[in-house]
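Encoded as structure tokens, the structure appears first; notes follow it.
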Amino acid sequence: MINHYENVSLNLPRVYPITDTHLSGLSHAEQVARLIEGGASLIQLRDKHAAPREFYLEAAAALKIARANNARLIINDRVDIALALKADGVHLGQTDMPAAAARRLLGKEAIIGFSSHNLAQARLACALPVDYLAFGPIFQTSTKENPDPFTGLDELRELGTIKGSLPLVAIGGITLQNAVEVLRAGADAVAVIAGLLADSPSIAENLNKMLSLTSVVPNPSSRS
């Protein structure tokens, strides 16, 4: 399907960190600070357990740190919180607010990402008014409750041939050991949670290592 939506100006980094307070044992703000120290320029705040007010307050603190360091902050699921805080955008799942409705609320300058878990979903998502498409889990993952079946690299390669110019973010079970392989299979970026956060004292070091390792793979989707 052809997407006639004109994407926002998005310099998609090779590594796209996602926060997790349970895994890291740290607040979203502290995770953002450590990720920025490690070189992050685009970070997603994800919290499936916090009450809306709690997540709003945590996101506000994290956004303040991101703004002070010229990093972009994406809110997972919660279009209302992204709108209220004037965050840089939102990441939507299959059961969240429709992408077109989120676009109307957030405006044409907001970054909107969208999750897909198989090729059928991904094909449909390519026609939505979104700025990047997340696909996975590529490998088995422990950071999501009731995860979808993992797709593997073959489906990722196939999606790379049909997505057109829409940037593709691979997610699920991605580590320092397999990130380059995933990028070479067709992903423009890798979204990483446990591979960065599980050892919380080393978050900045972990991200710096992964950015250095993945920098050898050309990134055709980056544009300023």
Side-chain angles (χ1 to χ4, degrees), residues 3 5-21 24 26-48 50 52-93 96-116 125 128-135 165-171 187-193 196-197 203-204 207 211 219 221-224:
N3 188 342
Y5 164 72
E6 184 177 349
N7 304 93
V8 301
S9 177
L10 176 61
N11 186 18
L12 188 65
R14 275 317 210 176
V15 182
Y16 180 15
I18 301 176
T19 63
D20 187 312
T21 57
S24 67
L26 302 171
S27 68
H28 290 291
E30 181 59 32
Q31 290 174 78
V32 166
R34 296 188 187 193
L35 289 166
I36 289 172
E37 181 185 350
S41 58
L42 180 70
I43 302 168
Q44 182 184 141
L45 295 194
R46 180 178 183 270
D47 200 320
K48 302 294 186 179
R53 179 180 176 85
E54 179 186 359
F55 189 31
Y56 172 88
L57 293 172
E58 286 233 18
L63 184 61
K64 185 176 181 180
I65 293 171
R67 289 278 188 267
N69 291 277
N70 296 313
R72 288 177 163 181
L73 205 63
I74 306 299
I75 305 295
N76 180 273
D77 292 351
R78 299 302 301 257
V79 178
D80 55 342
I81 291 176
L83 179 64
L85 292 175
K86 296 182 172 61
D88 295 286
V90 70
H91 184 89
L92 301 172
D96 293 327
M97 178 183 291
R103 177 63 66 195
R104 287 194 297 272
L105 285 171
L106 298 178
K108 63 182 181 179
E109 299 300 322
I111 299 168
I112 297 181
F114 190 79
S115 288
S116 60
L128 299 175
V130 299
D131 302 294
Y132 69 85
L133 175 64
F135 185 69
S165 61
L166 188 63
L168 178 58
V169 178
I171 188 170
D188 298 299
V190 290
V192 187
I193 306 176
L196 297 175
L197 306 180
I203 287 174
L207 178 56
L211 285 170
N219 188 351
S221 77
S222 289
R223 55 192 189 279
S224 56

Provide the closest heavy-atom pair for [X] versus [Y] in the form atom of the first, atom of the second, distance.
X      : Y      : result
Ile112 : Leu92  : CG2-CD1, 3.9 Å
Leu12  : Asp188 : CD2-CB, 4.1 Å
Ser116 : Leu133 : OG-CD1, 3.5 Å
Phe114 : Gly93  : CE1-O, 3.8 Å
Tyr56  : Ile81  : N-CD1, 4.0 Å
Val79  : Ala102 : CG2-CB, 4.0 Å

Taking the side chain as every heavy atom from C-beta outward, state whether [X] and [Y] have any atom pair closer than 4.5 Å.
X      : Y      : result
Leu10  : Arg72  : yes
Met97  : Val90  : no
Ile203 : Leu207 : no
Leu45  : Val32  : yes
Ile18  : Ile171 : yes

Kindly assign one of parallel, tilted or perpendicular to the pair Tyr132 and Tyr16, based on the angle between their ring planes and the thresholds 30° and 60°.
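Rings of Tyr132 and Tyr16: perpendicular, as their planes differ by over 60°.
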Treating [X] as the side-chain partner and [Y] as the backbone partner, does any N or O pair qualify as donor plus acceptor under 3.5 Å?
X      : Y      : result
Thr21  : Leu26  : no
Gln31  : Asp20  : yes
Arg103 : Ala110 : yes

In terms of side-chain heavy atoms, does His91 have a donor or acceptor partner in Ser115 at a distance below 3.5 Å?
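A donor-acceptor contact under 3.5 Å links the two side chains.
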Salt bridge (charged side-chain N to carboxylate O under 4.0 Å, His left out) partners for Arg104, two or more places apart
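Per chain and number, Arg104 pairs via salt bridge (charged side-chain N to carboxylate O under 4.0 Å, His left out) with no residue.
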What pairs with Asp88 under salt bridge (charged side-chain N to carboxylate O under 4.0 Å, His left out), at least two apart in sequence or on another chain?
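With sequence neighbours excluded, Asp88 shows a salt bridge (charged side-chain N to carboxylate O under 4.0 Å, His left out) to Arg67, given in chain and number order.
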Within this structure, what is the [atom1]-[atom2] distance for the pair [X] and [Y], rounded to the nearest 0.5 Å?
X      : Y     : atom1 : atom2 : result
Leu197 : Arg34 : CG    : CZ    : 10.5 Å
His28  : Glu54 : NE2   : CD    : 7.5 Å
Ser41  : Asn69 : OG    : CG    : 11.5 Å

Asp47 and Arg78 ion-paired at < 4.0 Å:
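Looking at Asp47 and Arg78, the cut-off is not met.
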Just wondering, more than 12 heavy atoms not from Lys48 lying within 6.0 Å of its NZ?
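Check passes, neighbour count above 12.
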